[in-house]
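Structure first, commentary second.
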Amino acid sequence: MAEKDIIKRLSAEVERLIADHERIAAECRALQKERDRLQGEKHRLEERVREQETRLKSMELSEGMRGSSGNVERARMRVNSLLREVDRCIAIMTKEREEE
């Protein structure tokens, strides 16, 4: 008789564990889906931030070119930075041509 009780308890415990596993697996899938959605949202927002930063820099540059008081120096710095970047690109292209 005691053996039947042990078997019944073990069977009930196994069923409970299986049910818990299925519930947790479903929750895990839901969380993974939510994570993927949030990662996509994060990437979209990061791209939007980059676009807005680029737009802001362009606006600051154009404002500086118009001669607004405090932005002239900032515009000069930005133009100088862009010129240095162009110079670096030219140097890289020249070096690559020389190596060919």
Side-chain angles (χ1 to χ4, degrees):
M1 194 72 136
E3 292 175 2
K4 287 183 182 181
D5 289 339
I6 291 173
I7 291 172
K8 284 181 184 179
R9 280 198 319 258
L10 286 175
S11 178
E13 184 67 18
V14 167
E15 288 177 17
R16 186 189 65 77
L17 289 172
I18 290 171
D20 285 350
H21 171 72
E22 290 172 354
R23 180 183 52 79
I24 291 170
E27 186 176 339
C28 183
R29 285 189 298 274
L31 289 171
Q32 287 172 337
K33 195 174 193 179
E34 178 72 5
R35 180 205 59 206
D36 293 344
R37 184 188 67 77
L38 289 172
Q39 284 178 334
E41 176 85 11
K42 177 182 172 251
H43 290 302
R44 282 189 296 279
L45 290 173
E46 287 172 341
E47 180 60 31
R48 187 170 177 202
V49 165
R50 280 191 292 275
E51 290 171 1
Q52 293 298 325
E53 286 174 344
T54 301
R55 186 172 177 214
L56 177 63
K57 286 178 184 179
S58 295
M59 292 174 76
E60 288 174 345
L61 183 60
S62 65
E63 184 72 20
M65 293 301 180
R66 278 192 244 142
S68 297
S69 59
N71 292 332
V72 173
E73 186 60 31
R74 187 181 295 171
R76 280 191 188 131
M77 290 171 46
R78 178 73 176 136
V79 168
N80 287 338
S81 172
L82 291 171
L83 288 173
R84 284 191 298 274
E85 188 173 336
V86 168
D87 287 341
R88 279 193 298 269
C89 291
I90 291 171
I92 290 171
M93 289 172 43
T94 303
K95 183 179 178 182
E96 287 178 357
R97 285 187 182 156
E98 290 174 356
E99 291 176 355
E100 291 179 353

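These numbers come from the heavy atoms of this one structure, side chains and all, not from hydrogens, waters or symmetry mates.
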task = Quick one: pull up CZ in Arg88 and CE in Met93 and give me the separation to the nearest 0.5 Å.
result = 15.0 Å
inquiry  = For the SG atom of Cys28 and the NZ atom of Lys33, what is their distance to the nearest 0.5 Å?
reply    = 13.5 Å
query = Under 4.0 Å between a Lys/Arg side-chain N and an Asp/Glu carboxylate O for Glu47 and Arg50?
reply = yes
inquiry  = With a sphere of 6.0 Å drawn around CD of Glu27, does it hold more than 12 non-hydrogen atoms of other residues, nucleotides or ligands?
reply    = no
key: Close side-chain approach of Asp20 to Arg16, heavy-atom, < 4.5 Å   = yes
task = Going by the side-chain contact (heavy atoms from CB on, under 4.5 Å) test, name the single residue among Glu53, Glu51, Met59 that passes it with Arg55.
result = Met59
ask   = Which atom names give the shortest non-hydrogen contact between Arg37 and Arg44, and what distance separates them?
value = O-NH2, 4.4 Å
ask   = Salt bridge or not for Asp5 and Arg9, using N-O below 4.0 Å?
value = no
key: Distance in Å, Leu38 CG paired with Leu45 CG, rounded so as to fall on 0.5 Å steps   = 10.5 Å
Inter-residue atom distance Ile6.CD1 - Glu3.CD, 0.5 Å rounding = 7.0 Å
query = Hey, what do you get for CD (Glu34) to CD (Gln32), rounding to the nearest 0.5 Å?
reply = 12.0 Å
task = Can you measure from CD (Glu41) to NE2 (His43) and round to the nearest 0.5 angstrom?
result = 11.0 Å
